[in-house]
There are 2 protein chains.
Amino acid sequence: MAEEKKAKKRDAEATKARILQAAKREFAKHGLGGARVDEIADRAQANKRMIYHYFGGKEDLFRIVLEEAYLGIRSAEKKLDLDALPPSEALESLVRFTWNYYLKNPEFITLVNSENLHRAKHIKTLPSLPNAMRGLVGMVENILKRGEDSGEFRKGIDAAQLNITIAAIGYYYLTNRYTGSFLFERNLMEKEALEDRLAFNVETILRLVRS
Amino acid sequence: MAEEKKAKKRDAEATKARILQAAKREFAKHGLGGARVDEIADRAQANKRMIYHYFGGKEDLFRIVLEEAYLGIRSAEKKLDLDALPPSEALESLVRFTWNYYLKNPEFITLVNSENLHRAKHIKTLPSLPNAMRGLVGMVENILKRGEDSGEFRKGIDAAQLNITIAAIGYYYLTNRYTGSFLFERNLMEKEALEDRLAFNVETILRLVRS
DNA sequence: CACTTAATGCACTAACCAGTTACTTCTTTA
DNA sequence: TAAAGAAGTAACTGGTTAGTGCATTAAGTG
């Protein structure tokens, strides 16, 4: 095996990675329709031809970017090890994690929005994703069951609905940060505003599940 | 005053209205970037020239469509007369109204998403909007105050946060209907699923505010 | 009915953009 | 080291699209 060389003149893997990185950024910034293939190539310091060589076309590239985005958040969620925490704390951790992930990976939200504008047509060919999602719902089901057993939580809560709500209360605030800041006449992205919102969200979820 | 004639050959107001209607549809379907001016003109049974004549350009048209969308939902909210209801019922009504409005006016969500992709740059020139929003927050503040006084609601709930949460739990579910249906492996838009979600949302909000 | 003003239609253009063709340069390995 | 194939480049193409110049036609007015 050849050693890794820093200034390699040719490196397919590195070029692919740079293209994906640049594509994630460009798609997140302008959506699928507004993204420019030339801009992705420039920013990746690659030739446009390489995009077609490695990925097929603009929409194929978008598909891979989406897959990475979904698998990325799922893989981070898996590392949480919520089963080691008491139910309330586990749920609170998940709310905090979800919020912070959206905050630190704002492109995730924009990519999902763009994919919904296109009626999920790109991810529909990625069978790994529903599979990954089952894991998330299972995780929350587990927490709910433990909470029920200990009497902390009430019975009959739908894990999928709870999951959706945990995502919703963070996602909505952040995806609408621009119109929201203007309409509510305050900077929703200020440190204090963000802390307030997270605290409010934790409260919302805990009140929703407690007996 | 001339009488309204059905088959008027020239009618500026009617043409403007048809263009706005077609534009709302096209912008909602494809976003600002993906929308086609020719398509708007065709669907409005107007000549493309008219769009530039009446509205200035594509982005100006988008601005007016957004303004109408925001004023539309606010004007519907105003008609709710929530002050006539007991606090809990008033809040429940608002949750149901918000959900149903999004459901019946899906273009509202897509337009807002598109505007956030563009960092709210179009609505920023519309000073009527923050003004209209103050009314909404005021409405919720009123309900909260009445609930506090009667002992039904706990104290110290932020009206803006509650507003955001009421919107969020409906908006997120509906804007992500396509990816959601695929990832959760169920049709989120089925009648029963919609009813379940609305019931869950009412529960979420009432549990959040009750003492 | 003239005459003015506003509404409408058509055909064009300048810019843009996804995708391709034809080529050069580097790397690997037999 | 020579051949083969992979990585990379630049210039181009065909189609699309926002926006316009100019002519035409209808409606309102004195």
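Numbered from 1 within each chain, the chains take letters A, B, ... in sequence-line order.
- Whole-Å rounding puts the Y52(A) OH to dG19(C) C1' distance at 5 Å.
- Remark: P of dC17(C) and CD1 of I51(A) are 14 Å apart, rounded to the nearest angstrom.
- For dG19(D), the base has a donor-acceptor partner in the side chain of K48(B) [N/O atoms by modelled type, under 3.5 angstrom].
- N201(B) and R197(B) share a side-chain donor-acceptor pair at under 3.5 Å.
- Counting heavy atoms of neighbouring residues, nucleotides and ligands inside a 6.0 Å radius, atom CZ of R119(A) does not exceed 12 of them.
- In this structure, Y101(B) and F97(B) have tilted ring planes: the angle between them lies in the 30° to 60° band.
- Between the CZ atom of F55(A) and the P atom of dG19(C) there is a distance of 14 Å, given to the nearest Å.
- M189(A) has its side chain within reach of L103(A): a pair of non-hydrogen atoms, C-beta onward, lies under 4.5 Å apart.
- Residue R36(B) contributes atom CZ, which lies 14 Å from atom C1' of dG19(D) at whole-angstrom precision.
- A sub-4.0 Å separation between OP1 or OP2 of dT8(C) and a side-chain N or O of Y54(B) is present.
- If you check distances only, the side chain of K58(B) never reaches the base of dG19(D) with a donor-acceptor pair under 3.5 Å.
- As judged by a 4.0 angstrom heavy-atom cut-off over every strand, A35(A) is placed among residues touching the sugar-phosphate backbone only.
- OP1 and OP2 of dA10(D) both lie 4.0 Å or more from every side-chain N or O belonging to R49(A).
- Residues L32(A) and L111(A) fail the side-chain proximity criterion, which asks for heavy atoms closer than 4.5 Å.
- If N47(B) and V37(A) are placed on DNA chain C by their nearest nucleotide, the residue sitting closer to the 5' end is N47(B).
- Within residues 16-33 of chain A, no residue has a heavy atom under 4.0 Å from DNA chain C.
- Outside the 6.0 Å centre-distance limit, the rings of Y172(B) and Y172(A) are not counted as a close aromatic pair.
- As a whole-Å value, the separation of E39(B) CD from dA18(D) C1' is 15 Å.
- A sub-4.0 Å separation between OP1 or OP2 of dA7(C) and a side-chain N or O of T15(B) is absent.
- Separating the NE2 atom of H53(A) from the P atom of dG19(C) is a distance of 16 Å, rounded to the nearest angstrom.
- As rounded to whole Å, 13 Å separates atom C1' of dA23(D) from atom CE of M50(B).
- Between the C1' atom of dA6(D) and the CD atom of E13(A) lies a distance of 13 Å, rounded to the nearest Å.
- Contact of the Y173(B) side chain with the I169(B) side chain is not registered, since no non-hydrogen atoms from C-beta on lie closer than 4.5 Å.
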